[in-house]
Number of protein chains: 2
Amino acid sequence: MSGFMDSRKAAILRAVVDEYVQCAEPVGSSLLARIAGIQVSPATIRNEMNLLEHEGYLTQPHTSAGRIPTDKGYRYYVDTFVSDTNDSDVMQFQSVEEFFTKAHGALAEMFSDTSRLLTNLTNYAAVVTGPSPETVLIRSVQLISLDPKRVLLLMVDSKGAVEKKTLELSIEISESELEVASNFLTRRLRGVPLGSLDEPEPLGEPLVDQICVLAVESLREFQGETESVYIEGASKVASAFDAVDTVRRVLVTLEQHFLVVSLIRDVLSKGQKVAIGSELGIAPLAECSVVVSPYVVEGEQVGSIGLVGPTRMNYPKVLAAVNLVSAGLGKRLSEG
Amino acid sequence: MSGFMDSRKAAILRAVVDEYVQCAEPVGSSLLARIAGIQVSPATIRNEMNLLEHEGYLTQPHTSAGRIPTDKGYRYYVDTFVSDTNDSDVMQFQSVEEFFTKAHGALAEMFSDTSRLLTNLTNYAAVVTGPSPETVLIRSVQLISLDPKRVLLLMVDSKGAVEKKTLELSIEISESELEVASNFLTRRLRGVPLGSLDEPEPLGEPLVDQICVLAVESLREFQGETESVYIEGASKVASAFDAVDTVRRVLVTLEQHFLVVSLIRDVLSKGQKVAIGSELGIAPLAECSVVVSPYVVEGEQVGSIGLVGPTRMNYPKVLAAVNLVSAGLGKRLSEG
DNA sequence: CCTAGCACTCTATTCTATCGAGTGCCAATA
DNA sequence: TATTGGCACTCGATAGAATAGAGTGCTAGG
């Protein structure tokens, strides 16, 4: 067992992945001999494939079938043959470019539209996570009277997102007092990260102070809510697998947003952009791969986009799409 | 052919639907004779079922199988046996009640949480449509300075929803001028329906007037964006059908939000709460039924909720759930 | 080191036979 | 006249056997 990957073995592995991704059927030695740029006989290819199987890169569904890649096989393929540079074809590039120049509107729509764009580009499920609360700064705080005992708290953050909440008061408060409180809060909290809010010093006016305390309390709650996730492409999942069981399992998993978010976070924290099958550590997603990319706004990484498809996916194309969309989103958000 | 539905035939039809909804298998005469409260022999039941088939209420998958209901059969069942009153069981009622008393937060989250509630109650896909722009009144308009030449326009509407847009100015404007404009716009536009905005009379200050015109223009654009749809429960669709093709078709259709919205609108406009299979007039949803209910806020019907499941669904339970949730949502929105 | 040849394995397909659920019809019955 | 037991019939579902073919591993010879 020469547990070592010479260039011919690598070429064969590559060809198996390419072929299987395209046709979804186990690929045999004779097919490879015909197709690939490998000028050796099927018998030689069989020998190599045998080695590749023993080393864990390929597997056989059954004795008399061709080979399909294992997760380890995909991993080698991705690490060796898929470049992370944006060498995508021009058509895609243009459509993405166009999308981001035309796109405007609220942040939430921006994210969900981006998610839809990515799912349509790739035909797999797309995930876009909004900015995490640590990177969000408070820009403005407004208090708007709904009726004498209820006030709407509005917060605008540094990314232009708006959060709101209704405050219930035990006592009545006048519009002018609200204005004082609004101004005080905005002046005091502008530029403060949403993640690190402390109590404001009292102003001396009991009514205003009371509402300020209430407001800061509520602002803290926004911390959790700014964690937003946009997942699109359920129908693509149904197209990607032919066992309805698998479809169900994957969709159920994707509906647990926190799970998807932490999954993406985990992949990124390992410095990876791709995670394959068992690498995900989530049983229902054993047949899935995830491709992720953070996006950068004004030099700062604020969120990430991801893609969930079958392990048997076109990695080069998907990686290019994810890179492109994350770059586009970052650029767009830096401008607006 | 006595093309007339006596009470025994109706009872048999009812039993077929009940049984088929529960077991998903064609039901035969002997099973019915055992189960149902019908005290006649299988032979008699066969005769009745034969009639029901010829009249279009039942059908046979193949000669030697039991019967399953047709769309017409389901329709008769719903019209005859399913009451539209809220006689749901107490457990459900409590959990829904609890949800709506605890629920708070932004309108968008309210809707998507409601959609999730309904999909979890019923195990089918849920749709919640937000208020249509005609019924929305402006409550407050705020202008917030981002930098000297850019201003964030915020609008709060009568339902507590917030819309925002960044305005790009050709000239610089001071914070105090912004405050004047904010106050003017709020005073002038409070209570005006978003659907019918006209130009404000000029105030005399050119800078302020210019930004007011710009703001009103932008407010008009919000009209389209307040039309919101929240669809949840893709994984439930995957569980409801066992043909992956059907799952794919249904999911693709549900992703076309405008289609779903107009579907619900159509059903409601006919004064119906249930539409079954072919009645929907949408080929990919031939195997689906839709249950809808408008919800009422402060006496006015502002939106609707809907449910999409297989024709073979538990209509009484689903109708109760939809009614309950729509009532809860309406009540909650009337308060907040 | 490569490759042609060959025996072998195992799936997928086809065909047949059989089983059994459920029917429609008819004659008997209350 | 309405109901029912009896019965022949239909047809899908299941199982078994035979076949074809794809692809393999191994070996021996270039």
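Naming: A, B, ... by sequence-line order, numbering from 1 per chain.
Following rounding to the nearest Å, A:Ile12 (CD1) and D:dT24 (C1') show an atom-to-atom distance of 15 Å. Taking atom CG of residue B:Leu52 and atom C1' of nucleotide C:dT23, one finds them 15 Å apart after rounding to whole Å. Between the P atom of C:dT23 and the CG atom of B:Leu58 lies a distance of 10 Å, rounded to the nearest Å. For the pair A:Asn47 CG and C:dA4 P, the interatomic distance rounds to 12 Å; values are reported in whole Å. In this structure, CG of B:Asp6 is placed 14 Å from C1' of D:dT3, rounded to the nearest angstrom. Between the CG atom of B:Asn50 and the C1' atom of C:dC25 there is a distance of 10 Å, rounded to whole Å. Summarising the geometry, the separation between CG on A:Leu31 and P on D:dA22 is reported as 12 Å, rounded to the nearest angstrom.
Taking the ring centre of B:Tyr124 as origin, the terminal cationic atom of B:Lys236 falls outside the region bounded by 6.0 Å and 45° from the ring axis.
In this structure, of C:dT3, D:dG23, C:dG22, it is C:dT3 that holds the atom nearest to the side chain of A:Ser41. Nearest to the side-chain atoms of B:Glu53 among the listed nucleotides C:dG24, D:dT24, C:dG22 stands C:dG24.
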Which pairs, protein N/O on one side and nucleotides 11-15 of chain D N/O on the other, fall under 3.5 Å?
{"residue": "D:dC11", "atom": "O2", "partner": "B:Ser64", "partner atom": "OG", "Å": "3.2"}

Set out, line by line, the N/O atom pairs under 3.5 Å between protein and nucleotides 6-8 of chain D.
{"residue": "D:dG6", "atom": "O6", "partner": "B:Arg46", "partner atom": "NH2", "Å": "3.3"}

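Salt bridge annotation for A:Glu232-A:Arg116: present, with a cationic side-chain nitrogen under 4.0 angstrom from a carboxylate oxygen.
Counted by atom type alone, A:Glu287 and A:Thr311 present zero donor-acceptor pairs between their side chains at under 3.5 Å.
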